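Everything numeric in this text was worked out from a predicted model, so none of it was measured. These values consider heavy atoms only, across backbone and side chains, with no hydrogens, waters or symmetry-generated copies. Letters A, B, ... are given to chains in the order of the sequence lines, protein chains preceding strands, and every chain is numbered from 1.
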Protein chains: 2
Amino acid sequence: MEAEFLAWLRGRLPAVKPPIDIGVGDDAAVIACAADSRIVVTTDMLSDGVDFRLGEADPRRIGRKALAVNLSDLAAMAAQPIATFVSLLLPRSGGTALARELYEGLLPLAEEFLAPVVGGDTNAWDGPLAISVTALGRAGPHGVFLRSGARPGDAILVTGEFGGSILAHQFDFTPRVREAMWLAEHTKVHAAMDVSDGLALDLSRLCAESGCGAELDLGRIPISTDAQRLVPIEHLSSSPLQHALNDGEDFELLLAIDAADAARLVAEQPLEPVYGVRLTQIGRFVAEHGLWAVDAAGKRSPLEQGGFQHRFD
Amino acid sequence: MEAEFLAWLRGRLPAVKPPIDIGVGDDAAVIACAADSRIVVTTDMLSDGVDFRLGEADPRRIGRKALAVNLSDLAAMAAQPIATFVSLLLPRSGGTALARELYEGLLPLAEEFLAPVVGGDTNAWDGPLAISVTALGRAGPHGVFLRSGARPGDAILVTGEFGGSILAHQFDFTPRVREAMWLAEHTKVHAAMDVSDGLALDLSRLCAESGCGAELDLGRIPISTDAQRLVPIEHLSSSPLQHALNDGEDFELLLAIDAADAARLVAEQPLEPVYGVRLTQIGRFVAEHGLWAVDAAGKRSPLEQGGFQHRFD
């Protein structure tokens, strides 16, 4: 299981020391490259059959997603993208045509987010398609967001809506780079991450890094219309709320912000007129470890864990 | 074919502009992150069946190689490693054990070259093993080596010996990071690259970027003892010299240096007492485009092209 392997790996890695400020464990690493300049670096590898199915999805959307998930990691740290590196492992047959389509989906997003492709590695092999992207960003003057730093009493804020990403959002989402930069400039964000593996699971990870727990107001979770559409399509027992809590690939921001600041943000909705994105308070961080659900009647109970975890033996 | 695809891709990429100093086309990209600080970034993806054969090679040697080829690219630019990122695509069965062995080979090299692993992505899938490594380095005070800049009249200098890497060197080579840093500090290097796809092919690439040609003194090519051993093993027609010119995976430095400076370096062999590495002059850059061979009798003829090129349709 990935969590166990990562624990083993963390034990083998040397202690983080300058010029490394943040190593393995957050959404990206942070490297000091001058007294007043820090580089944020993240890397994600997407592969056929795990993150997409070649043949079911347009390669342009796959290429776009491979870059977008990395930009989302930079957003999680409030870093401004500056450059990206794209490595492709292509099936031998039709590899060149496929590579062009991947880039045709990826390059417009790179341009939109000022994240030019400046390097990479292109190879063919006998295996399925795999795409490895590394993105570099620059930490802003207000510093980076980390997963640690949430305090009991902080509001849990999220951008956008959750659930049902399998219908389209997993490919078409907008990395919350601009929203994160705005928040870094205008608000004191205590902790943040992007939600890639499901709201409940990722919230539990942020709590673990911050040494606290969280209460979710189930009635306040912003559920996407796709999560609501999924129920009749799938004929499964998952409710729209369960989709919103557990589906993954939402790529929204999860934020810990002082309760008073959060109330003001939710009242003013400053991101809506510019970026079309709403902020919602979905609960609060608490001292007691664990995730708790508070229903409409105020009843508090432990929240079941779902979400996506990479598994291997 | 990779060359054609790269030409297409280069045409689609935006012009390089600040903070990017060097984009696609050299051994690594160069990014300005402060007035006096530049980051060098390279990424290489290795895969089962192309760069190694899992089952024939110890996974520790494969892990080491995945990092070493990236450090060699930093050496090609005379950059001091500062951090590395390792992404793994693991076969589902036995993935954790394999990942541990890969890291057991990789981590000692990371420690030796002060290139700690500070991030990455670990996934399992139904395909073969693939490893993507990104390495970051810091440009030294004397700047970076580029492939462009060789001038007619410059000596062609190389570190070490060539050919026969298939026997062991492809896994056990030492990235020439320290040698490159020494040369950057003590010599004016006009152009450089690391030899990964064969001496002749990579020399032709350096010539193309520098807008010149080169004459090789065939009698002076340092041929490794492994290249000499290969001939009876393989029962093929390749001579040891042909192995040295075309085999690839030597990961030695190829340098363009002013003729007088080069003569002094060859006479003094400053790298030998410290790093155990000899410098050899194997020819000279010329104004006329193309690669030329000069035999022991002084006869000049066009050099046949060999070397390794990634192919896909």
| message | Please classify the contact between A:Trp125 and chain B as side chain, backbone, both or neither, with a heavy-atom cut-off of under 4.5 Å. | response | both
| request: Would you mind reporting whether B:Thr84 and B:Asn70 have side-chain heavy atoms less than 4.5 Å apart? | output: no
| field | Between A:Gly49, A:Gly120, A:Gly119, the one whose heavy-atom pairs under 4.5 Å with chain B are most numerous | value | A:Gly120
| field | Within-4.5 Å side-chain heavy-atom neighbours: B:Leu67 and B:Val86 | value | no
| note | Turns out that what part of B:Arg100 lies under 4.5 Å from chain A's heavy atoms comes down to both
| field | Interchain contact, A:Leu89 with chain B, by part (heavy-atom threshold 4.5 Å) | value | both
| Would you say B:Arg178 and B:Phe113 make side-chain contact, with heavy atoms under 4.5 Å? | yes
| said: Counting only non-hydrogen atoms closer than 4.5 Å, does A:Leu98 touch chain B with its backbone (N, CA, C, O), its side chain (CB onward), both, or neither? | reply: neither
| Do B:Thr42 and B:Asp27 come close enough that some side-chain heavy atom pair is under 4.5 Å? | no
| Any donor-acceptor pair under 3.5 Å linking the side chain of B:Asp121 with the backbone of A:Met45? | yes
| query | Is the side chain of B:Asp26 donor-acceptor paired with the backbone N or O of B:Arg147 at a distance under 3.5 Å, no angle test? | reply | yes
| field | Proximity breakdown for A:Ile82 and chain B, heavy-atom pairs closer than 4.5 Å | value | both
| Pick from A:Leu9, A:Val117, A:Ile22: which one has the most heavy-atom pairs with chain B under 4.5 Å? | A:Leu9
| request: Report yes if some heavy atom in the side chain of B:Met193 is under 4.5 Å from a heavy atom in the side chain of B:Glu209; otherwise report no. | output: no
| task | Would you check if B:Leu254 and B:Leu203 make a side-chain contact, meaning some heavy-atom pair closer than 4.5 Å? | result | yes
| Who wins among B:Ala34, B:Ser37, B:Ala83, B:Ala35 for the most heavy-atom pairs under 4.5 Å with chain A? | B:Ser37
| So, B:Asp48 side chain and B:Leu54 main chain: donor-acceptor pair closer than 3.5 Å or not? | yes
| remark: Bottom line for B:Ile31: the part with an atom under 4.5 Å from chain A's heavy atoms is side chain
| note | Checking heavy-atom separations under 4.5 Å from chain A, one finds in residues 11-18 of chain B B:Arg12, B:Leu13, B:Pro14
| task | Decide yes or no for A:Asp194 and A:Arg176: does some side-chain heavy atom of the first lie under 4.5 Å from some side-chain heavy atom of the second? | result | no
| Geometric class of the B:Tyr103/A:Trp8 ring pair [parallel <30°, tilted 30-60°, perpendicular >60°] | perpendicular
| query | Ion pair present between B:Asp51 and B:Lys65, side-chain N to carboxylate O less than 4.0 angstrom? | reply | no
| note | Against chain A, residues from residues 129-141 of chain B with at least one heavy atom under 4.5 Å, in numeric order, are B:Leu129, B:Ala130, B:Ser132, B:Thr134, B:Leu136, B:Arg138
| field | Contacting region of B:Val41 [heavy-atom separation from chain A under 4.5 Å] | value | both
| Between B:Cys33, B:Gly127, B:Pro19, which has the largest tally of heavy atom pairs under 4.5 Å with chain A? | B:Cys33
| Any donor-acceptor pair under 3.5 Å linking the side chain of A:Asp202 with the backbone of A:Ser196? | yes
| message | Could you check whether atom CD of A:Glu112 has more than 12 heavy atoms from other residues, nucleotides or ligands sitting under 6.0 Å from it? | response | yes
| remark: So, the part of B:Asp126 with a heavy atom under 4.5 Å from chain A: the answer is neither
| said: Could you tell me if the side chain of A:Thr174 sits less than 4.5 Å from the side chain of A:Phe251, heavy atoms only? | reply: no
